[in-house]
Visitor: 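Questions regarding the structure given below will be posed in turn.
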Protein chains: 2
Amino acid sequence: MGITSHDVAKLAGVSQPTVSRALRDDPRVSRATREKVRRAAEALNYVPSEAGRTLSTSATRRVGVIVTDLTNPFYPHVIAPLHDELSSLGYRMMLITERSDEAVAEEKLLDQSMDGVVLATATTDSRLPAQLDRRGMPYVFLNRDTGRSDDFASVVDNEGGGRLVARELAALGHRRVAGIFGSANTTTGREREMGFRLALAEAGVGLPESRVVRGAFEYETGYSALPALLDADEPPTAVFCGNDVVAIGVLNAALAAGVRVPEDLTVIGFDDLPMAAWEVFRLTTVRHDLRELSRQAARLLVRRIAKEVDPAGERLVLPTEFVPRATHARAR
Amino acid sequence: MGITSHDVAKLAGVSQPTVSRALRDDPRVSRATREKVRRAAEALNYVPSEAGRTLSTSATRRVGVIVTDLTNPFYPHVIAPLHDELSSLGYRMMLITERSDEAVAEEKLLDQSMDGVVLATATTDSRLPAQLDRRGMPYVFLNRDTGRSDDFASVVDNEGGGRLVARELAALGHRRVAGIFGSANTTTGREREMGFRLALAEAGVGLPESRVVRGAFEYETGYSALPALLDADEPPTAVFCGNDVVAIGVLNAALAAGVRVPEDLTVIGFDDLPMAAWEVFRLTTVRHDLRELSRQAARLLVRRIAKEVDPAGERLVLPTEFVPRATHARAR
DNA sequence: CTCGCGTGTGAATACGTATGCATTCCATGA
DNA sequence: TCATGGAATGCATACGTATTCACACGCGAG
């Protein structure tokens, strides 16, 4: 079927190893031979078999990326730059989507079909990292991590971001504040809530559990959480959402409920997805560099694959910035 | 490093081929041996090497998926079901994103590192299909195709969908109608425009070039196209957009320009992405089953890989349905 | 003139699995 | 008792590349 290096060797009148060396610019092969081989390869339209190379070098130049739900608007903005960075580093991307990362068939990760893994959906109680460790499979966390100090992770200063929002709300005079945070078993959820709570407390603003909702970082979480919050005796004048996708769910729910934003309700997100700037939303949010976050993760993983990495773990933390748009206002 | 079938063989006291057979439930291996091997494999935590298997069987159980821009909200809704269907068929997904499919490094597709390819971003002038044909690499078109009869493709009845919209607009009394269509080198763009034009003509409604824009299926296309259309001497009372993403760009532009939808302007999309139903949009659009579209493509590709396919090409066409929501109204 | 060395190339082999073919063993029937 | 046949397993090898090692050759130095 396919053209192999043996065919090229025959045509060029050299041995197979010489073909292998010539095409990879091994300095030990003479200029004349290199040209001869190159022409033969060209003539036969030769493309080296990836499987043969993999078996011989025990390196696949492939990286797995695990996400939960690709249709969540957050993930594409992670995956796209991740793909580009990996690609420019000479790696290809295998996409693995699973509901929970427990469900990721271990076999698929451990059959040596990739050189490393990016975990974009880690929960703090996940067993996956331990399994990867046991097998010596390099991996890095992206956005979320387990919170342990020896992780390799590219993350955001979630706590700082949460603080930014709390200070802003307090300054705007909001006293009845609500939070729709991410799941308690994600560091992104926990840290944003933590920063938010701490800075609220410093400003003398309370956050009773009755005004707190926790759930997946999904549209539906925000959309379904708002009615109950508004239905309380003392409804909140402001809601901090775990991320932009949740906030967009809230904005739609507010529209459905006839609640005016920001006149009746201040809504704040996190991430600053491109979508947050759309006219229909003009969402006030917390920005961080999602593109850089992903690129860092890619580079970190590649360095870990190459073992050029601090064995005690490396955590790259990106700063956050408050982005005022049109969904926040002074408390009435 | 890794545990191989030889290690398992040694522990189980059998030969390596027996291990290979036992673990794949070859009926020729006795029940007792099978159990013995299974226990040994378990004990050693053995996972078969994918590279070895690939080299031996010359099948990778991997499929490439080519898209342009993953951050375009359309693609995730294609990729997610595609991934799931491929996964349940025993294939893994390699994601390849490139600006133009000309730029897809041919080498990456032809090095036998995947068994087939899904082309989700074909243009009618792409050379890629011919290259894949030449190499005997199985592929199918998803959503877009080249329009040739011997394609393997899973597509939508675009022309029918375009007709639906035209009839609806005509029935609502719209006479000054505009179109923001997809690129002229995509079948999705051309066919939707074609159906729209034909049915408009039947209703006696004209569509002058001055009210036609063509561009990429992106938010920005719709967003930047609207002002010029509205600026004309006789501005349109309705706009048919090439897809929902473009329509959402138009809706945002309308909001920015202070144009009321649907009172001043009717806006219609195509695809019915989940986002189209959000309260902020309530976009009237044309629905087709995007999930089924993707699944069909996956199954078709797998059949083509297995050579269980009509050599003359197969084209699976999904029907469309008009979905009235809140962005259309009678012409003033 | 010989020794040693560097350069360029080929032969042999490793990588891990799957498979065609040969072999062994045992039971069955004549 | 021996041929026959089937069941179970092992042997040898293929897959395509990269790498280790050995070899041939030419050249300069002694």
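The sequence lines fix the lettering, A, B, ..., with proteins before strands; numbering per chain opens at 1.
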Visitor: Please report, rounded to the nearest Å, how far the P atom of C:dT17 is from the CD atom of B:Glu50.
Guide: 11 Å

Visitor: Mind checking if B:Ser49 touches a base, just sugar-phosphate, or nothing, with heavy atoms under 4.0 Å?
Guide: sugar-phosphate

Visitor: Any side-chain N or O of A:Ser5 below 4.0 angstrom from OP1/OP2 of D:dT17?
Guide: yes

Visitor: A:Ser20 side chain: which of D:dG16, D:dT19, C:dT17 is closest?
Guide: D:dT19

Visitor: For B:Asp26 and C:dA18, give me the distance from atom CG to atom C1', rounded to whole Å.
Guide: 10 Å

Visitor: Given D:dT17, C:dT17, D:dG10, which nucleotide is nearest the side-chain atoms of B:Thr4?
Guide: C:dT17

Visitor: Which part of the nucleic acid, if any, lies within reach of A:Thr33 when heavy atoms closer than 4.0 Å are counted: base, sugar-phosphate only, or nothing?
Guide: sugar-phosphate

Visitor: D:dC15 P sits how many Å from A:Asp7 CG, rounded?
Guide: 11 Å

Visitor: Whole Å only: how far is the CZ atom of A:Arg28 from the C1' atom of D:dA24?
Guide: 16 Å

Visitor: With a 3.5 Å distance limit and no angle check, can you tell me whether B:Asn72 reaches the backbone of B:Tyr75 through a side-chain donor-acceptor pair?
Guide: no

Visitor: Over how many whole Å does the gap from B:Leu55 atom CG to D:dT13 atom C1' extend?
Guide: 13 Å

Visitor: Using a strict cut-off of less than 4.0 Å between a Lys/Arg side-chain nitrogen and an Asp/Glu carboxylate oxygen, indicate whether A:Arg291 and A:Asp289 qualify as a salt bridge.
Guide: no

Visitor: Could you tell me how far apart A:Ile3 (CD1) and D:dC15 (P) are, to the nearest whole angstrom?
Guide: 14 Å

Visitor: Does B:Arg304 make a cation-pi contact with B:Tyr139, if we ask for NZ or CZ under 6.0 Å from the ring centre and within 45° of the axis?
Guide: yes

Visitor: A side-chain contact here means heavy atoms from C-beta on lying under 4.5 Å apart; do A:Val156 and A:Val317 qualify?
Guide: no

Visitor: Of A:Tyr46 and B:Lys36, whose closest DNA chain D nucleotide lies nearer the 5' terminus?
Guide: B:Lys36

Visitor: Give one of base, sugar-phosphate or nothing for B:Ser58, where a contact means two heavy atoms less than 4.0 Å apart.
Guide: nothing

Visitor: Please work out if B:Val19 contacts a base, only the sugar-phosphate, or nothing of the nucleic acid, heavy-atom cut-off 4.0 Å.
Guide: nothing

Visitor: Heavy-atom nearest nucleotide on DNA chain C for B:Arg24 versus A:Pro17: which residue maps closer to 5'?
Guide: A:Pro17

Visitor: Can you tell me the distance, in whole Å, between the CG atom of B:Leu23 and the P atom of D:dT9?
Guide: 13 Å

Visitor: Quick check for you: among C:dA14, D:dA8, C:dT17, whose closest atom lies nearest to any side-chain atom of A:Ser56?
Guide: C:dA14

Visitor: Of the candidate nucleotides C:dA18, D:dA8, C:dG10, which contains the atom at the shortest distance from the side chain of B:Ser30?
Guide: D:dA8

Visitor: Rounded to the nearest Å, what distance is computed from the NE2 atom of residue B:His6 to the P atom of nucleotide C:dA18?
Guide: 11 Å

Visitor: Charged N to carboxylate O below 4.0 Å: is that the case for B:Arg303 and B:Asp310?
Guide: no

Visitor: Counting only distance, no hydrogens or angles, is the base of C:dG10 paired donor-acceptor with the side chain of A:Arg21 under 3.5 Å?
Guide: yes

